[in-house]
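Shown next, in structure tokens, is the structure this report addresses.
Only a predicted model underlies this, so the values are computations on that prediction, with no experimental measurement involved.
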Amino acid sequence: MYDRLLAEYGPQGWWPAETDFEMLVGAVLTQNTTWTNVERALTNMKKADALNAAALRDTDLERLAAMIHPSGYFNAKARKLRALGEFLARYDDDLIRLFRSKPLLELRKELLAVFGIGPETADSMLLYAGGLPIFVIDSYTLRVLDRMRSGGRELKYETAQRLFHRDKGIDPERHYGEFHALIVAHGKDTCRASDPACDQCPVLDMCRTGPRTVA
DNA sequence: GTCCAGGTGCACC
DNA sequence: GGTGCACATGGA
């Protein structure tokens, strides 16, 4: 699956951010939102010199919401960014210090306790900003995995994540970041949510309904 | 007009 | 532990 996606879409080189801090903010802003809208919000934040942890804490919530308006859910996301800023203060806004402070799963648990950070956002932050070996599951991933399996009940986040983690053919350091990005590229390219059959997929011929040979 | 996008929190059962 | 709903903009 990885090889086919890479051959079709080429290296994605994720995450698209200039700094690790920008990555964290982008992870919150992109929740259920297109990346182009996130870019607009990030541009506004840069112009306002608000793309730093202190600004997330100090900027008026209303003003913060206005900046990130294009990314949707702006009131909710403004509160989430505030919570992120306050969380980072515990580590003196030092991301190196944060990601080196404790074992991966403890870090994950801590991130999940922050308002606005759920499983996908936490894992994205750990993988792309922290450089830690954890696979990111998103709606595209669940959709494609569900289609690869013959009916039955749908996968949950941690179950899907386990499938990637226990696959010895995938090297965490080399493949996790790129693999997730490729799945997103494929998800954007084809397999609309409203096409339950998805039997015309030109890239992944296992991405169809009906009997499967893939586990 | 309808559907969808790199989810999450919360109230209910 | 699961389900339903709110949160909101912008492009196809």
At 4.0 Å (heavy atoms only), tell me whether [X] reaches a base, stays on the sugar-phosphate, or touches nothing.
X: A:Ile117; answer: sugar-phosphate
X: A:Gly72; answer: base
X: A:His180; answer: nothing
X: A:Ser139; answer: sugar-phosphate

Just how far, in rounded Å, is [atom2] of [N] from [atom1] of [X]?
X: A:Met125; N: B:dT8; atom1: CE; atom2: P; result: 9 Å
X: A:Asn75; N: C:dA8; atom1: CG; atom2: C1'; result: 9 Å
X: A:Trp35; N: B:dG7; atom1: CH2; atom2: P; result: 12 Å
X: A:Tyr73; N: C:dG10; atom1: OH; atom2: P; result: 13 Å
X: A:Ile183; N: B:dA5; atom1: CD1; atom2: P; result: 15 Å
X: A:Asn32; N: C:dG10; atom1: CG; atom2: C1'; result: 13 Å
X: A:Asn37; N: B:dG7; atom1: CG; atom2: P; result: 13 Å
X: A:Lys77; N: B:dG9; atom1: NZ; atom2: C1'; result: 14 Å

Going by distance alone, is a donor N or O of one side chain under 3.5 Å from an acceptor N or O of the other, for A:Asp171 and A:Tyr176? no
Flag if over 12 foreign heavy atoms under 6.0 Å of NZ, A:Lys109: no
Are there over 12 heavy-atom neighbours, none belonging to A:Asp49, within less than 6.0 Å of that residue's CG? no
Name the closest nucleotide to the [X] side chain, picking from [options].
X: A:Lys156; options: B:dG9, C:dG1, C:dG11; result: C:dG1
X: A:Gln31; options: B:dT8, C:dC7, C:dG1; result: B:dT8
X: A:Glu120; options: C:dG10, B:dT8, B:dA5; result: B:dT8
X: A:Thr121; options: C:dC7, C:dT9, B:dT8; result: B:dT8

In whole angstrom, give me the gap between the P atoms of B:dT8 and C:dG10. 22 Å
Centroid separation A:His175 to A:Tyr2 less than 6.0 Å: yes
Side-chain N or O of A:Arg143 closer than 4.0 Å to phosphate OP1/OP2 of B:dA5: yes
Between A:Thr33 and A:Thr36, whichever has its closest DNA chain C nucleotide further toward 5' is A:Thr33
Distance in Å, A:Glu18 CD paired with A:Met23 CE, rounded so as to fall on 0.5 Å steps: 14.5 Å
Comparing nearest nucleotides in DNA chain B, the 5'-proximal residue of the pair A:Tyr128, A:Phe115 is A:Tyr128
